[in-house]
Amino acid sequence: MSGDHSHNEDQIDCGSRVNDSHKHKDKYKEKEHKHKDHKKDKEREKSKYGNSDHKDSSDKKHRDKEKEKMKHKDGSTDKYKEKHKEKRKEEKMKSFDEKIKKEKENGFASPPYMKSEPEDDFYHSPKHERSLKRERDVDDNDAEFKPKKIKTENDKKAKKRKQDEDIKSKKTKHKKEVTDGKKKAKKEPEEKWKWWEEERYTDGVKWKFLEHKGPVFAPAYEPLPSHVKFYYDGKHMKLSPEAEEVATFFAKMLDHEYTTKDIFRKNFFKDWRKEMTSEERAKLTDLKKCDFGEMSNYFKAQSEARKAMSKEEKQKIKEENERILQQYGFCLMDNHKERIANFRIEPPGLFRGRGDHPKMGMLKRRIRPQDIIINCSKDSKVPEPPPGTKWKEVRHDNKVTWLVSWTENIQGSIKYIMLNPSSRIKGEKDWQKYETARRLKKCVDRIRAQYREDWKSKEMRIRQRAVALYFIDKLALRAGNEKEEGETADTVGCCSLRVEHIKLYPENEGQEYVVEFDFLGKDSIRYYNRVPVEKRVFKNLQLFMENKEPDDDLFDRLNTSILNKHLQELMDGLTAKVFRTYNASITLQQQLKELTTAEENIPAKILSYNRANRAVAILCNHQRAPPKTFEKSMQNLQSKIDAKRDQLADAKRELKSAKADAKVRKDEKSKKAVESKKKAVQRIEEQLMKLEVQATDREENKQIALGTSKLNYLDPRISVAWCKKWGIPVEKIYNKTQREKFAWAIDMAEDDYEF
DNA sequence: GCAGGTACTTAGGATCGAGTCT
DNA sequence: AGACTCGATCCTAAGTACCTGC
């Protein structure tokens, strides 16, 4: 369990690899990164510098003029460039000309200039050819925005935080909820704090006062009862507690596929051996001979037993959880009690990365108090470490938002305990994010014009930057930071795309200049998309790929920090990810406008909302594995629909006969009967429709996850405004947690809100 | 520029548990 | 009442971004 893993790098079968102490990892990084090395790239660049379409030469004068203009308009143009331009200029011009000559020779000259691609077809979502049309921000300089100054987002009715700071956090302990045996939803009289009506901190201070109770540690390991045995090579073997605990981690995962994977087993076994006593280590040399069967069965039985517990027992557990939540789940920040997101420390276990992770199966160490850094204010009551232990450190840094941190042993990265999304500190940031995206909306046309211009640049790095930015904008790709090879699964984003990730088709299915993307993105989710691009982009891609190996970087002169530096110059606060936020939100708004019709009833409107949401999810490539029970649940729904249809037919029949009856009898009673039958038919029709809508929705959603975009990319004010406009209760769109997170938006957005 | 480190957001899957169905 | 279903919540990995010090 515990312990120091960095000692003896013992003689394990697979043991030659340095695995822990991350300080060592650079050792091979160097080698592995060779192929990306810039030396190589520079040479390559030199040899073909300026390679470009034919029309560049004819445009040259024009372009230079354009450039001049550009500079004036946007004085900042590019400091980075300025620095390097001079020294490279001559060299470049030379090779540029050569290149053009070459181009003509090899018949690579381009047909006449092509105007920009159709604007309404700007987005190309992966997988689905469905196009997410939207106008390109015709409403760019919407009058509404003008008066608002960016900085004054919460201009509205700024009270001052100062005020209640002065009251100094007496606030008392949270009044005991102890007494509530029966849930009476005794919501505190303290009505919700509207932090969005207060002034914000500037200058990077995140809080003035912070007090909390520290983390909740994982429960200590409980050794297995003696009847649960472990066998090696068919023989019973009693393991030391440390080795046993690690063995149970494996046993618990036994029916998971990855315990069959070589890397997983290798990593596990190596780390497991480190926890063994030397006798154990001498004896246990082959994982294949280990029999975890009894352990595994024991845990299965345990979980069955847990399910079978009586109401009272379950209630007991629930209450205990509630107690812990009340005690540790909140902190006091600047006079307000705020919910903590993850106050429980991650328990030890076997690391499961996503995708093809080189470290899968490694032992994730148990975190102890001496690993923990506490952050709180000086004048607060510092949380007590468990008896007999000490914190690693207590600090008072109000320039950060975290309450607790520790370093995790797999990648050596830092983990944090932070506040819930409903908290002021998270909410403000979220709000700000959407404000930045809205500012982008105002200047996106200019930026687009600029990068299109840059496709013609004579500098390779500028062209690459411009093409990459085009992808980020058009396809909502992620930035694509560099990663350490061999430390994580091999995934990429825009800037880290490699030649092997795209294919160029001058002509494909009747479209010209098609680029096919096929790569693994974040979380090893596949991005597959075929998209027609502008000719100039296409030609540039050909140029970027010339003389490269499949595993060379497509944008060898670019990385995220160069790109972001450039973006920063185009707009204050602009980074690559802002495009994702912007495009997601603007797409939602535009799709909602397009899809919602006044006549529809509420379920149909909600279907429209979900479709708009779905368009965004597709754009952002938010996929999910089809739920295991998908087919079945679809069938269930279908049979419900069938049943409802029958019911409707019956009801109609009855109505008909009631009508006939009424015609004959002409009395009040039979007329009433007709009326009520009519009502029944109506009601059933409605129910049927609701079911059908539900089925459509579910089917369309099979492999698409809406949650991520809803939670992270869509300006909630758009949704709130939509709800208000159409009289839809927000509860239909946002569940309780979501409403908590977006309380600010729900409170402030009116039905005419425009992103 | 670049490597290393830190802080914070975004992400999909596992698990939980309330509600519904039989 | 027990089985089942499905959305909500939990979990924590995997991104982005930016800072610092050379």
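Sequence order on DNA chain B of the closest nucleotides to A/Lys640 and A/Arg395 puts A/Arg395 first from the 5' end. If A/Arg352 and A/Arg698 are placed on DNA chain C by their nearest nucleotide, the residue sitting closer to the 5' end is A/Arg698. Both A/Thr560 and A/Ile345 lie close to DNA chain C; mapped to their nearest nucleotides by heavy-atom distance, the more 5′-ward contact belongs to A/Ile345.
Aromatic ring orientation, A/Phe742 versus A/Trp744: perpendicular (interplanar angle above 60°, classes split at 30° and 60°). Ring geometry for A/Tyr527 against A/Phe517 counts as perpendicular: the plane angle is over 60°, on a 0 to 90° scale with 30° as the lower cut.
A/His566 places its NE2 atom 14 Å from the P atom of C/dA17, with the value rounded to the nearest Å. The separation between A/Arg624 atom CZ and B/dT10 atom C1' is 18 Å, rounded to whole Å. Separating the CG atom of A/Asn621 from the P atom of B/dT10 is a distance of 17 Å, rounded to the nearest angstrom. Counting to the nearest Å, the P atom of C/dA13 and the NZ atom of A/Lys483 are 14 Å from each other. For A/Arg580 and B/dT10, the CZ to C1' distance is 9 Å, given to the nearest whole Å. A/Lys577 has its NZ atom 7 Å from the C1' atom of C/dT16, to the nearest Å. Look at CZ on A/Phe343: it is 8 Å from P on C/dC10, rounded to the nearest Å. The CD1-P distance, from A/Ile373 to B/dT6, rounds to 8 Å in whole Å.
Side chain of A/Thr401, nearest nucleotide from B/dC8, B/dA11, C/dA17: B/dC8. Ranking B/dA11, B/dC8, B/dT6 by closeness to the A/Lys426 side chain, first place goes to B/dC8. In the set B/dC8, B/dG12, C/dA17, the nucleotide with an atom closest to the side chain of A/Trp402 is B/dC8. With B/dA7, B/dC8, C/dA13 as the choices, the nucleotide that has an atom nearest any side-chain atom of A/Glu346 turns out to be C/dA13. Of the listed nucleotides (C/dA13, C/dG15, B/dC8), B/dC8 has the atom at the smallest distance from the side chain of A/Val400. Comparing B/dT9, C/dG15, C/dA13 by their nearest atom to the side chain of A/Lys415 picks out C/dA13. Side-chain atoms of A/Phe351 lie closest to C/dA14 of the nucleotides B/dC8, C/dA14, C/dA17. Here B/dA11 is the nucleotide among B/dA11, C/dT16, C/dC10 with the atom lying nearest to any side-chain atom of A/Tyr713. Listed nucleotides: B/dA18, B/dC8, B/dT6. Nearest to the side chain of A/Lys318: B/dA18. Between C/dA13, B/dG12, B/dT9, one nucleotide has an atom nearer to the side chain of A/Thr708 than all others, and that is B/dG12.
Taking 4.0 Å as the cut-off between side-chain N and carboxylate O, A/Arg424 and A/Glu338 do not count as a salt-bridged pair.
A/Ala625 comes within contact range of the sugar-phosphate backbone alone, with a heavy-atom separation under 4.0 Å but no base atom that close. Within the nucleic acid shown, A/Asn735 comes within 4.0 Å of sugar-phosphate atoms alone, with no base atom in reach, counting heavy atoms only. Within 4.0 Å of A/Gly493, counting heavy atoms only, lies no atom of the nucleic acid at all. Within 4.0 Å of A/Arg354, counting heavy atoms only, lies at least one base atom of the nucleic acid. Within the nucleic acid shown, A/Tyr416 comes within 4.0 Å of at least one base atom, counting heavy atoms only. A/Lys710 comes within 4.0 angstrom of no nucleic acid atom, judged by non-hydrogen atoms across all strands. Counting non-hydrogen atoms under 4.0 angstrom, A/Gly707 reaches nothing in the nucleic acid. Counting non-hydrogen atoms under 4.0 angstrom, A/Pro347 reaches the backbone sugars and phosphates but no base. If you check every strand for non-hydrogen atoms under 4.0 Å, A/Thr491 touches sugar and phosphate atoms only.
The phosphate of B/dA11 (OP1 or OP2) has a side-chain N or O of A/His622 nearer than 4.0 angstrom. OP1 or OP2 of C/dA14 sits under 4.0 Å from a side-chain N or O of A/Gln411. The phosphate of C/dC6 has OP1 or OP2 within less than 4.0 Å of a side-chain N or O from A/Ser633. Between A/Asn564 and C/dA17, a side-chain N or O to OP1/OP2 separation shorter than 4.0 Å is present. A close approach under 4.0 Å does not occur between any side-chain nitrogen or oxygen of A/Lys399 and OP1 or OP2 of B/dT6. Contact check, A/Lys364 against C/dA13: a side-chain N or O comes under 4.0 Å of OP1 or OP2. Note on A/Thr575: a side-chain N or O is less than 4.0 Å away from OP1 or OP2 of C/dA17. Regarding contacts with the backbone of C/dT16, a side-chain N or O of A/Asn481 is found under 4.0 angstrom from either OP1 or OP2. Under 4.0 angstrom from either OP1 or OP2 of B/dT10 there lies at least one side-chain N or O belonging to A/Lys433.
Residue A/Lys690 qualifies as open at atom NZ: its count of foreign heavy atoms under 6.0 Å is 12 or below. Shown here is A/Glu320, whose CD atom has more than 12 heavy atoms of other residues, nucleotides or ligands within 6.0 Å.
Side-chain contact annotation: A/Tyr609 with A/Ser719, donor-acceptor N/O pair under 3.5 Å present.
Under the 3.5 Å distance criterion, the side-chain polar atoms of A/Lys359 are left unmatched by any main-chain donor or acceptor of A/Phe351. In this structure, the side chain of A/Arg366 does not engage the main chain of A/Glu346 through any donor-acceptor pair within 3.5 Å.
The base of B/dT10 lies close enough to the side chain of A/Lys522 for a donor and an acceptor atom to sit less than 3.5 Å apart.
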